[in-house]
Amino acid sequence: MSNPISGLPESTDFVPCIGMTEDSLILLERNRCSVDPWDTVDIKPNIEVLERGVPSFYLSCYDMLLTEEAACLVKVSDGSSALAVHMNRMESREEPEQCPVIDSQENGLSPGLEGQMEDRSLEQVQSMVVGEVLKDIETACKLLNITPDPTEWNTGNVQKWMLWTEHLYRLPHAGKAFQELTGKDLCAMSEEEFRQRSPLCGDTLHAHLDIWKSAAWMKDKCSAVDTKTTGSEELWSEADSSCSGQPIHLWQFLRELLLKPHNYGRSIRWLNKEKGIFKIEDSAHVAKLWGLRKNRPAMNYDKLSRSIRQYYKKGIIRKPDVSQRLVYQFVHPV
DNA sequence: GATTAGGAATAGG
DNA sequence: CCTATTCCTAATC
């Protein structure tokens, strides 16, 4: 699937079907469906769970996100936060400030067994979705080499994010209209101002930024208070090779992609993880990702593969014993 | 037609 | 100095 936030697929046109009604889906769903141009990721587990585990009722993303954890996020973020805003927009159009509380459901309305089970799965689903969103953002951050918190972005980061989001939604290029803005500037802008700068996709960009803002807020507040949220906290604390400071090497980048089959399994995957043998399934996509990461818009597989070949004599990557197209092997598998 | 292998020049940190 | 990028030729699948 294409991650809502970090998704990137290109040639894929597969549209994950969640048990949600189309008109009730906003960004989250929209992303998933609006596969960006390149990515190709698998269908997320939560989607499957949704279909099977909660078949009886349709949830909108907003519904799903309106749980305690999401709700807290919504409230605190003063209603301007992304997740919140969209929920409100969808859910209860005229009462934006009212955060539906779960209690109300439990207590009065449908006390039946069904209701309880629904609530339970609802919570699971909700936390799952929130977790997925955070995960996607985190993945995108590593990919773009930017921080999750938009307020920390410089103008260059903003442009990167713009490029990324445009790709994700297949939007026309609008980055120029935001050229001189920092992340703080961006965050301070209203949806209207976004539209003024980009009539075509200002709304989408603004909505997407809202999600990032909310996620950053969540990371900030919730992680401080021990949150046993959804098991997603580790997503933010996990430290890997990308934190080493030095400019990332291609082989490190490939390893990172391989570590996330969930997101990139359709583009690059292990054939034999123990031996470090992997296959590039979608050469164009992997090259595109690499180009994004290195700010090399003209990157393609021809050049990426040349870089891989440089590793031959260095003993970092080699061709496997039985040479196959698009298959390589790490000389020192971890 | 895409992929592979490497030489060679150049960028860029 | 180093790695990566760019460009290119020739061979291979």
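All chains are named by letter (A, B, ...) in the order of the sequence lines, taking the proteins before the strands, and each is independently numbered beginning at 1.
One interatomic measurement links the two molecules: CD1 of A:Ile308 to P of B:dA5, which rounds to 10 Å at whole-angstrom precision. Rounding to whole angstrom units, NE2 of residue A:His249 and P of B:dG12 are separated by 18 Å. Here B:dA5 presents its C1' atom at 15 Å from CG of A:Leu304, a figure rounded to the nearest Å. Protein atom OH of A:Tyr301 is 7 Å distant from nucleotide atom P of B:dT3, rounded to whole Å. Atom P of nucleotide B:dG12 and atom NZ of A:Lys303 are separated by 13 Å, given to the nearest angstrom. Computed from coordinates, the A:Ile280 CD1 to B:dT4 C1' distance equals 12 Å when rounded to whole Å. The distance from atom CD of A:Gln310 to atom C1' of B:dA11 is 13 Å, rounded to the nearest whole Å.
A donor and an acceptor atom sit less than 3.5 Å apart, one in the side chain of A:Arg306 and one in the base of B:dG7.
A residue-by-residue look at A:Tyr328 and A:Lys313 shows that A:Tyr328 has its nearest nucleotide of DNA chain B further toward the 5' end.
Here the straight-line distance linking atom CD1 of A:Ile280 with atom NE2 of A:His285 works out to 12.0 Å at 0.5 Å rounding. Rounded to the nearest 0.5 Å, atoms NZ (A:Lys273) and CG (A:Leu258) are 8.5 Å apart.
Between A:Thr182 and A:Asp185, the side chains place a donor N or O and an acceptor N or O closer than 3.5 Å (distance only, hydrogens not considered).
Nearest heavy-atom pair across A:Ala174 and A:Phe178 is O-CD1, 3.3 Å. The two residues A:Thr147 and A:Trp153 have their closest heavy-atom pair at O-NE1, 2.7 Å. The nearest pair of heavy atoms linking A:Lys303 to A:Ala298 is NZ-O, 2.8 Å.
Looking at heavy-atom distances under 4.0 Å, A:Trp251 makes no contact with the nucleic acid at all. A:Ser305 comes within contact range of no nucleotide atom at all, as no heavy-atom separation falls under 4.0 Å.
Salt bridge annotation for A:Glu138-A:Lys135: absent, with no cationic side-chain nitrogen under 4.0 angstrom from a carboxylate oxygen.
In this structure, A:Arg255 forms a cation-pi arrangement with A:Phe330, its terminal cationic atom sitting closer than 6.0 Å to the ring centre and no more than 45° off the ring axis. Cation-pi check for A:Lys279 over A:Tyr328 is not met; the charged atom does not lie both under 6.0 angstrom from the ring centroid and within 45 degrees of its normal.
Chain A approaches DNA chain C over the interval C:dT3 to C:dC13, counting the first and last nucleotide 5' to 3' with an atom under 4.0 Å from its heavy atoms.
The shortest side-chain heavy-atom distance between A:Glu132 and A:Val129 does not fall under the 4.5 Å cut-off. In this structure, the side chains of A:Arg306 and A:Asp302 stay at 4.5 Å or more apart for every pair of heavy atoms.
Distances shorter than 4.0 Å separate none of the side-chain N or O atoms of A:Tyr312 from OP1 or OP2 on B:dG6.
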Quiz item: For A:Glu166 and A:Lys176, what are the C-alpha separation, side-chain angles and deciding distance, and is it a salt bridge (Lys or Arg N to Asp or Glu O under 4.0 Å)?
Solution: CA-CA 12 Å; A:Glu166 287 159 12; A:Lys176 273 187 182 168; over 6 Å; no

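For the segment residues 315-325 of chain A, the set of residues with a heavy atom within less than 4.0 Å of an atom of DNA chain B comprises A:Lys319, A:Gln324, A:Arg325, in numerical order.
In the helix from B:dG1-C:dC13 to B:dG13-C:dC1, the terminal helix axes, each the rotation mapping four pairs' C1' atoms onto the next four within five end pairs, subtend 30°, rounded to 10°.
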